[in-house]
Amino acid sequence: MHIALDGPSGAGKSTVAKALAARLGLVYLDTGAMYRAVGLKALRLGLPLKDEQTLLPMLEETQLRVTRENGEQHVYLDGEDVSFSIRTPEVSMAASAVSTVGAVRRWLVAMQQEIARGLDVVMDGRDIGTKVLPDAEYKFFLTAADEVRARRRYDELRAKGQDVDFDEVLKDLRARDLQDSTRKESPLVQAEDAVLVDSSGLNVDEVVACLLALMGRA
Ligand code: DC
C-alpha cells in the first residue's frame with residue numbers, strides 16, 4: 001500500500017505520517033529530509049543553490065542513504081549521519097532552493113520511487129501524489145493557516161533549544177511556501193485526486209483519526 005501525504009511546510013505532515021505509519025504497520029519516509037541533505041551539502045561547499053550546472057557534478061559525487069534505526073529515519077550524507085544538522089532554518093531555505101533544480105528533483109524522485117518499490121509506505125513531501133507515487137492508493141493534501149504552521153515550527157525549534165524569533169519563522173515559512181509552489185519543476189500543488197485536510201483546529205490524534213476515517217479504517 002502506498003499513501004501520499006503532501007502539503008506546505010509546518011502542516012504537521014511528518015508527525016501525522018509517522019503516526020499513520022505506526023497505526024497501519026507501514027514504513028514512513030520523510031522525503032523533505034533528502035532535499036535537506038542535498039541543501040546542506042551545497043551550503044557547506046558554498047555552491048550557488050539554484051544552479052544546475054554546479055549541482056549536477058556535486059550529485060555525481062554524493063552518496064545519500066536513508067535508514068531506519070529504532071523506528072526513526074536517519075539520513076546519511078557521504079557516510080555522515082546528518083539527521084540532526086538538517087533541521088535548522090538555514091538548511092530549510094537551502095532545501096527549498098535546491099529543490100527548484102530539475103537535476104536534484106530527478107535524482108531524488110528516482111531514489112524515492114526505488115525505495116517505495118515493493119514496500120508499504122507512507123511518504124510525505126510536496127510532489128508525492130503528483131509525481132513520486134501518482135498511483136498511490138490514498139492521497140492527502142494536508143494544510144493549515146500559515147500562522148498556525150509557523151507557531152508549530154517555532155515551538156518545535158524552541159523545544160530543540162534553537163533561539164528563533166516567531167516573526168522570522170513566519171517570514172521564512174511564507175518565503176518557502178512561495179518558492180515551493182511557484183517553481184517550474186513539480187511545484188507544490190494538490191493532486192487532482194487528493195483529499196484536502198485542513199489541520200488548523202486539530203491536534204495530531206484528530207488529524208490521524210480523520211485520515212483513517214477517510215480511508216475507511218477508523
Ligand atoms: O518537508 P520539509 O520542510 O523537510 O522540506 C524541505 C524542502 O524540500 C521544502 O521546502 C521543499 C523541498 N521538498 C520538495 O520539493 N519535495 C518534496 N517531496 C519534499 C521536500
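Both counts, for ligands and for their atoms, begin at 1 and track the order of listing. Everything quoted here is computed from the prediction, not taken from an experiment.
- Arg44 has a carboxylate O that lies under 4.0 Å from a charged side-chain N of Glu80, or vice versa, which qualifies the two as a salt bridge.
- Between Asp127 and Arg105 there is a salt bridge, since a side-chain N of the basic residue sits under 4.0 Å from a carboxylate O of the acidic one.
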Check ligand 1 for N or O atoms under 3.5 Å from a protein N or O and list each pair with its distance.
unit_1   : atom_1 : unit_2 : atom_2 : d
ligand 1 : 1 (O)  : Arg126 : NH1    : 2.9
ligand 1 : 3 (O)  : Arg36  : NH2    : 3.1
ligand 1 : 3 (O)  : Arg126 : NH2    : 3.2
ligand 1 : 3 (O)  : Arg176 : NH1    : 3.1
ligand 1 : 4 (O)  : Arg36  : NE     : 2.6
ligand 1 : 4 (O)  : Arg36  : NH2    : 3.3
ligand 1 : 10 (O) : Arg176 : NH1    : 2.7
ligand 1 : 10 (O) : Asp180 : OD1    : 3.4
ligand 1 : 10 (O) : Asp180 : OD2    : 2.7
ligand 1 : 15 (O) : Ser99  : OG     : 3.4
ligand 1 : 15 (O) : Arg105 : NH1    : 2.8
ligand 1 : 15 (O) : Arg105 : NH2    : 3.3
ligand 1 : 15 (O) : Arg183 : NH1    : 2.8
ligand 1 : 15 (O) : Arg183 : NH2    : 3.1
ligand 1 : 16 (N) : Arg105 : NH2    : 3.1
ligand 1 : 18 (N) : Thr31  : OG1    : 3.0
ligand 1 : 18 (N) : Arg126 : N      : 3.1
ligand 1 : 18 (N) : Asp127 : OD1    : 2.8

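- Ion pair Arg153/Asp165 not flagged as a salt bridge, since none of the NZ, NE, NH1 or NH2 atoms sits closer than 4.0 Å to an Asp/Glu carboxylate oxygen.
- Using a 4.0 Å cut-off between charged nitrogen and carboxylate oxygen, Arg158 and Asp163 count as a salt-bridge pair.
- Under a 4.0 Å N-O distance rule, the pair Asp146/Arg174 qualifies as a salt bridge.
- Of the charged side-chain nitrogens involved, at least one lies within less than 4.0 Å of a carboxylate oxygen, so that Arg149 and Asp177 count as a salt-bridged pair.
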